[in-house]
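A short worksheet on the structure shown next.
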Protein chains: 2
Amino acid sequence: MNNVQEESSRDQKKYRRRLQILEIARGIIATKGLRSLKVRDVAEAAGCSVGSVYNEFGDFDGVILTVNRETVQALTLRLVAVPAADPVRQLYGLATTYLEFFAEHANLLRSLFEHRMEDDRPYPDDILQMVMDAFALMHPPLVRLLPNADDVQIALLSRTLFSAVHGIISLGLEERMVAVPPQMLRQQVEQFLDAHLGGLGILPLR
Amino acid sequence: MNNVQEESSRDQKKYRRRLQILEIARGIIATKGLRSLKVRDVAEAAGCSVGSVYNEFGDFDGVILTVNRETVQALTLRLVAVPAADPVRQLYGLATTYLEFFAEHANLLRSLFEHRMEDDRPYPDDILQMVMDAFALMHPPLVRLLPNADDVQIALLSRTLFSAVHGIISLGLEERMVAVPPQMLRQQVEQFLDAHLGGLGILPLR
DNA sequence: GAGTTAAATGAACATTGTTCAAGTGAGTAT
DNA sequence: ATACTCACTTGAACAATGTTCATTTAACTC
């Protein structure tokens, strides 16, 4: 039972620390990259022992995967908030929103796409599914714009188009590779959509 | 001076072992992924001490980067061999050749695009330049197909288009993500080019 | 308050990248 | 042929980092 001095139960404390660990890990990944994430740094910053990190997440991959899971969730929140009134604007909105999110959280996105599991353990299915779902968000507007097309074809097209946008953005923001200026990148993505939608018989925005 | 028993000078031995180390490292990356590459494994397989690996490559990143360098070189060789007679076919050829190469050497390509340097050391410029140059191989055919376009615009378009193809392929081959069947992926890439070239006012192949 | 149990601890261990003092041997000079 | 030199090799030791677990702690229960 709770008394006055203890403001939180054991579970609440545990949960708070879990969040704290995740926040610290996310901060390190975001600012210094996944490769700079170290168990001891996280434990020290969270004011606990390394054992506690393992107790909470099983292994270190568990911390990374949880951060990655939350990254997809945050991305999805941003993407589903794109207005759906005009399907063409929605497609542009999805692309530029992805660009904005990627630019704001480049290292978190890289952690999501580049992290490899130890040995041959499989990547968690739920994360993969969330990524696939996010990439499928172009499906509804495409259905509206191509009412005569096969639904399976559109599903494929949706993934293809989003993957293409992903490629343009992820390589464009790759500072290793003489990065493209961010404003130019937006223009690049939009021009890409102009041409591609045009080629699909859809009247583009410009 | 050489005698009969020693078939090679010191330098030749050194060079041979360098090649051997690279071959072993490449094999491990290709079959088990970059994360499974270990100095001791490489040294043991090459029949030398870990110190010799360091002596030859400076640090372990040096081995990885040399493998990556050779990967881009091999990729470039394949891409420049694409026939240039018909610029439209050349564009399709570049894309499908990239797909083939990526499918054959998925882990080597991932090593190239996903490897991050320790700390904040910069990625070697020559490798970045080679990647950029490879991605610029769509420039000449695009110039021929869009004679009235600004050359800078075409340079941008070339990189955008290749980046898009890269995104489609790298995510499509990502076995983590319920990979797309390989033959379907080729069709996907070609349909992508159909639509995009069409949108650019270029008559596509199909 | 005593007992139970989940959680925390951190030292010890395992793995892996890195260094370096000592040894080796191919080339060279005499 | 012998001695010398110096670049290269070696592998043990070290450093950094992920992982485990016997012990301790403290929250909860009765």
Specify the separation, in whole Å, of atom CD of B:Glu56 and atom C1' of C:dG17.
18 Å
Enumerate the protein-to-nucleotides 19-25 of chain D contacts in which both atoms are nitrogen or oxygen and the separation is below 3.5 Å.
{"residue": "D:dT19", "atom": "OP2", "partner": "A:Tyr54", "partner atom": "OH", "Å": "2.5"}
{"residue": "D:dT19", "atom": "OP2", "partner": "A:Phe60", "partner atom": "N", "Å": "3.1"}
{"residue": "D:dT19", "atom": "O5'", "partner": "A:Tyr54", "partner atom": "OH", "Å": "3.1"}

Whole-Å distance between C:dG17 P and B:His115 NE2?
12 Å
Counting only side-chain nitrogens and oxygens, does A:Ser49 get under 4.0 Å of the OP1 or OP2 atom of C:dT9?
yes
Is any side-chain N of the basic residue among B:Arg116 and A:Glu174 closer than 4.0 Å to the acidic one's carboxylate O?
yes
Of the candidates D:dC8, C:dA8, C:dA26, the side chain of B:Asn55 sits closest to D:dC8
Is it true that a side-chain atom of A:Ser52 and a backbone atom of A:Cys48 form a donor plus acceptor pair closer than 3.5 Å?
no
Between B:His105 and B:Phe101, how do the two ring planes meet: parallel, tilted or perpendicular, split at 30° and 60°?
tilted
Spacing between B:Arg16 atom CZ and D:dT9 atom P, to the nearest angstrom
13 Å
If we ignore hydrogens and angles and just use 3.5 Å, is the side chain of B:Asn68 paired with the main-chain N or O of B:Ser111 as donor and acceptor?
yes
Can you find a side chain N or O atom of B:Arg17 that sits less than 4.0 Å from OP1 or OP2 on D:dC8?
no
Taking only distance into account, with no hydrogens and no angle test, what donor-acceptor pairs under 3.5 Å do side-chain atoms of residues 75-86 of chain A form with protein atoms, sequence neighbours excluded?
{"residue": "A:Thr76", "atom": "OG1", "partner": "A:Val72", "partner atom": "O", "Å": "2.8"}
{"residue": "A:Arg78", "atom": "NH1", "partner": "A:Glu104", "partner atom": "OE1", "Å": "3.3"}
{"residue": "A:Arg78", "atom": "NH2", "partner": "A:Glu104", "partner atom": "OE2", "Å": "3.3"}
{"residue": "A:Asp86", "atom": "OD1", "partner": "A:Val88", "partner atom": "N", "Å": "2.9"}

Residues two or more places apart in sequence or in another chain: which of them pass side-chain hydrogen bond (donor to acceptor under 3.5 Å, both in side chains) with A:Lys32?
none
Say whether, by atom type as modelled, one donor and one acceptor occur between the side chain of B:Ser158 and the main chain of B:Ile154 under 3.5 angstrom.
no
C:dA7 phosphate, OP1 or OP2: any side-chain N/O from A:Lys13 under 4.0 angstrom?
no
Would you list the pairs meeting side-chain hydrogen bond (donor to acceptor under 3.5 Å, both in side chains) in which at least one residue belongs to residues 34-47 of chain B, sequence neighbours left out?
A:Glu118-B:Arg35
Measure from NZ on B:Lys14 to C1' on C:dG25 and round the result to the nearest Å.
15 Å
Please report the distance, rounded to the nearest Å, between NZ in B:Lys38 and C1' in D:dT17.
13 Å
Using heavy atoms and a sub-4.0 Å distance, could you list which residues of residues 19-37 of chain A are near DNA chain D? By number, please.
A:Leu37
Residues passing the salt bridge (Lys or Arg N to Asp or Glu O under 4.0 Å) test with B:Asp126, sequence neighbours excluded, are B:Arg69
Within this structure, what is the CD1-to-P distance between B:Ile64 and C:dT16, rounded to whole angstrom?
14 Å
